Amino acid sequence: MDVYLFSAISGLILLIVPIMFLMWGLAANRIGRLPFRSTREKLRKSAGRSLVFVWLALLTGLSFAGLAAVTLVRFGWVFVQEWAVFILPAVLLTHLAVIFFTVPALWRRSRDRQDPTGAVGGEERGAVAAPRVAVPVQAAFVAAGLSTCQISFFPVLTRFPVRLILFWASFLGLGAWLWFRQRRRERLLRREAKSPSPGFRLMRLVAVTAGVAVAGGGLFVLSMQASKLPDRLSMMNHAKVDYGGGPAVGHGDIEDSRQDHDRSGKEAVSVTELTGPRTGEPDRRYTLVARKETVRLSSGKTIEAWTFNGQVPGPELRAREGELVEVTLINEDIEDGVTIHWHGVDVPNREDGAAGLTQNAVRPGERYTYRFRVEETGTHWYHSHQTSSIQVRKGLYGPLVLLPEVEQEKEQEQALDLSLIYQSFEDRAVLNDSDTLRRRRIAPGTEVRLRLTNADNFPRSFTLAGTPFRVAAIDGNEIHRPGDLENVLLSVAAGGRYDVTFTMPEQPVKLTAGTGPDDPSILFTPGGKGEAPEAPDRLALFDPAAYGKPQRIPFDPSEGFDREFTMVFDGGMGFYNGVFRDLWLINGEKFPDTPTFLVQEGDLVKTTFINRSSMDHPMHLHGHHMLVLSRNGKPVTGSPWWTDTLNVAPGETYEVAFRADNPGIWMDHCHNLDHAAAGMTLHLSYEGVTTPFHVGEATGNHPE
Ligand SMILES: [Cu+2]
């Protein structure tokens with residue numbers, strides 16, 4: 001509900017502020033032409049019409065103020081802070097001036113019925129051109145223009161004082177200039193002096209336009225150049241370090257990551273030393289070959305995919321708790337290079353597969369071996385973390401299922417355990433390799449576990465009709481005492497996973513990756529026959545914050561945290577790496593200007609996510625599980641909700657906590673991978689950890 005309200009408000013604001021700009025422009029233009037009406041009657045009518053424009057413009061300003069007030073009450077100060085110190089005062093100031101000075105003057109003029117056919121004299125021309133009549137409207141136009149720039153381009157979480165001064169200096173400077181200009185104009189009109197010749201005015205206009213164009217063009221080119229990313233950049237080369245209110249610990253030296261000691265004097269450790277077991281016979285051995293392949297979907301449509309072992313998704317990897325897993329990655333023909341990231345698994349840092357941070361991308365003809373011991377269970381997935389915004393969409397991903405150490409009794413009984421990964425290929429919704437309805441025969445009484453994974457960039461809805469079911473796990477973490485669900489919509493975050501369990505009834509059951517009749521689906525039927533169950537008309541959205549029963553957690557959030565970080569998400573327009581585009585910002589910045597969060601091993605860390613933008617941001621922290629503490633200020637009431645990829649919807653605020661217990665340098669980014677590729681990423685760095693790897697054009701490493 002709040003998500004819709006917030007989206008509606010942000011959409012309206014983006015519409016209303018430019019409209020306010022337009023309306024004040026029209027009003028200022030009309031008022032500027034008033035002195036040149038030939039007769040008193042024409043002047044009277046024109047003043048009346050100008051007044052209508054002024055009222056409409058005032059209405060847009062009022063709507064903006066109203067929306068800002070609603071946002072403040074429903075969502076909080078952080079959602080309106082820029083409006084409050086930049087836009088609103090300028091809007092209110094100019095609107096009040098218009099109400100007190102412009103409106104009465106125009107009103108009187110529009111009522112003046114004396115001598116309608118008489119010519120307008122110099123005194124009257126001067127009166128309607130007086131600065132206190134015209135300038136409030138012009139200033140409102142300037143305020144609305146600056147506000148339009150403000151909401152479109154500049155969330156101002158950084159360099160706040162500078163930007164505040166710039167905004168108000170521009171506003172007051174332009175206002176003063178308008179005042180002097182208008183005063184001169186008034187005097188000329190009163191004396192009925194000739195205005196400058198048309199030739200002179202044309203030259204002046206050309207000169208001013210050329211000046212503005214040159215300055216604007218110069219600024220454009222400079223901003224474009226400044227946004228270019230360096231050819232070679234260390235992930236530790238961060239201008240900004242955020243200690244989260246904890247002690248300022250040392251991190252790897254910026255220039256020389258090979259040095260033995262960091263600034264605190266603590267032994268520096270390289271990510272290359274933070275490996276899984278290098279020796280020992282693996283319990284599971286897998287080989288994944290990255291190569292291009294034409295893949296045929298169930299509809300017969302083919303896609304030019306990039307695959308692991310020639311299939312989409314890649315082969316399912318399974319392992320049990322305690323086992324040593326060895327995966328050899330061979331790159332056959334993916335020119336950009338590939339890596340494998342074990343999404344949701346807290347592997348040692350070196351095995352994390354982040355190109356340019358924990359390894360170099362694996363080039364065609366090369367191979368790379370990952371080894372890690374399984375220390376957790378649950379539904380996870382693997383995918384390339386080299387140019388991942390392209391490679392994951394092309395098909396370089398697959399399911400990774402980690403099972404408990406001991407075989408549970410259920411598994412020996414008749415059971416169906418099925419991994420289902422959703423992705424969209426060229427806007428075609430695909431579940432595993434199926435883009436149609438598929439049937440599957442299954443005996444009544446069978447225990448079913450569907451491991452739903454969303455590999456897409458957006459939250460994906462799943463529906464299950466024909467039986468009550470449970471959400472047994474989220475992001476591979478078991479839900480404590482999950483209750484029966486029916487007629488609910490499951491919304492799985494981009495990169496997230498839900499395990500859904502049910503006992504197969506006598507009638508058919510249908511799982512759909514979506515809500516529409518054409519979305520890919522599976523019809524489970526007892527005898528291979530039967531029709532799809534009626535899908536209910538109304539579905540309530542499943543709420544993980546109030547599902548299952550509370551359970552003891554391994555730390556006590558009420559005892560405080562060692563470090564607290566805040567991530568505020570904004571949208572905007574601007575340059576990134578030389579391209580003018582939509583931007584997705586963390587704390588007003590994009591990588592590499594986003595902060596690095598510095599922690600010490602053992603720290604209990606709290607992070608607050610605040611989404612002020614109009615899009616979902618599924619935040620994925622590598623190497624750790626986050627416990628959701630609260631959403632929009634309300635604590636989680638059900639089972640502990642552990643996640644590694646948390647969808648933060650527009651207008652939402654989440655508080656999460658995690659224990660810093662896996663040393664390394666870890667990516668923390670939006671799993672809308674297009675957002676990450678636009679710089680919506682930062683790093684969680686442990687004290688004293690360094691990396692010899694680099695990202696950038698010259699290195700061939702592009703994790704996003
Ligand atoms: Cu995002």
Side-chain angles (χ1 to χ4, degrees), residues 2-3 6-7 10-11 14 75 78-79 152-155 157-158 227 229 341 343-344 354 381 383 385 387-393 397 422-424 453-461 475 491-497 565-577 579 581-597 607-622 626 628 631-632 643-656 666-684 702-704:
D2 274 358
V3 173
F6 183 80
S7 300
S10 15
L14 278 175
F75 299 94
V78 71
F79 287 87
S152 311
F153 304 113
F154 305 116
L157 286 155
T158 51
S227 79
L229 297 176
H341 166 60
H343 187 119
W381 61 303
H383 63 79
H385 224 303
T387 58
S388 57
S389 62
I390 298 164
Q391 298 200 353
V392 175
R393 185 161 290 288
Y397 61 84
Y422 174 82
Q423 176 61 294
S424 56
T453 300
N454 180 8
D456 199 8
N457 279 340
F458 303 98
R460 186 67 190 180
S461 295
D475 292 352
S491 179
V492 181
R497 290 87 63 208
F565 300 105
T566 302
M567 290 162 93
V568 179
F569 311 130
D570 280 302
M573 298 294 295
F575 287 101
Y576 188 61
N577 201 15
V579 180
R581 52 162 300 156
D582 53 333
L583 298 177
W584 303 102
L585 307 164
I586 302 173
N587 296 354
E589 295 290 357
K590 50 215 181 289
F591 182 80
D593 300 317
T594 45
T596 293
F597 294 160
T607 304
T608 305
F609 301 116
I610 301 167
N611 186 358
R612 309 196 301 180
S613 81
S614 56
M615 276 191 86
D616 291 283
H617 299 296
M619 295 310 293
H620 175 46
L621 172 62
H622 288 211
M626 304 179 279
V628 180
R631 180 181 59 205
N632 302 332
T643 174
D644 50 70
T645 318
L646 179 66
N647 191 68
V648 186
E652 281 189 334
T653 299
Y654 277 96
E655 289 176 309
V656 302
W666 301 97
M667 296 183 69
D668 191 354
H669 65 97
C670 181
H671 221 278
N672 180 329
L673 296 169
D674 289 333
H675 293 183
M680 197 171 185
T681 179
L682 55 73
H683 297 102
L684 174 77
H702 301 280
E704 287 89 12

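Order of listing sets the numbers, starting from 1, for every ligand and every atom in it. Positions are given from 1 along the sequence. Predicted, not measured: the structure shown is a model, and the values here were computed from it.
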**Study point:** CA sep, side-chain torsions, deciding dist, call: Thr453, Tyr422, side-chain contact (heavy atoms from CB on, under 4.5 Å)
**Key:** CA-CA 6 Å; Thr453 300; Tyr422 174 82; over 6 Å; no
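Between Phe565 and Phe597, the ring planes lie parallel to each other; the angle is under 30°, not in the 30° to 60° tilted range. Using bins of under 30°, 30° to 60° and over 60° for the plane-to-plane angle, the ring pair Trp584/His675 lands in the parallel bin.
Counting only protein atoms, the N, O or S atoms lying less than 2.8 Å from the Cu ion (ligand 1) are His617 ND1, Cys670 SG, His675 ND1, ordered by chain and residue number.
Between His622 and His385, a ring centre-to-centre spacing shorter than 6.0 Å is recorded.
Side-chain contact of Asp570 with Ser613: a donor-acceptor pair under 3.5 Å is absent, judged by distance alone. One side chain, Asp456 or Ser424, offers a donor N or O that lies under 3.5 Å from an acceptor on the other.
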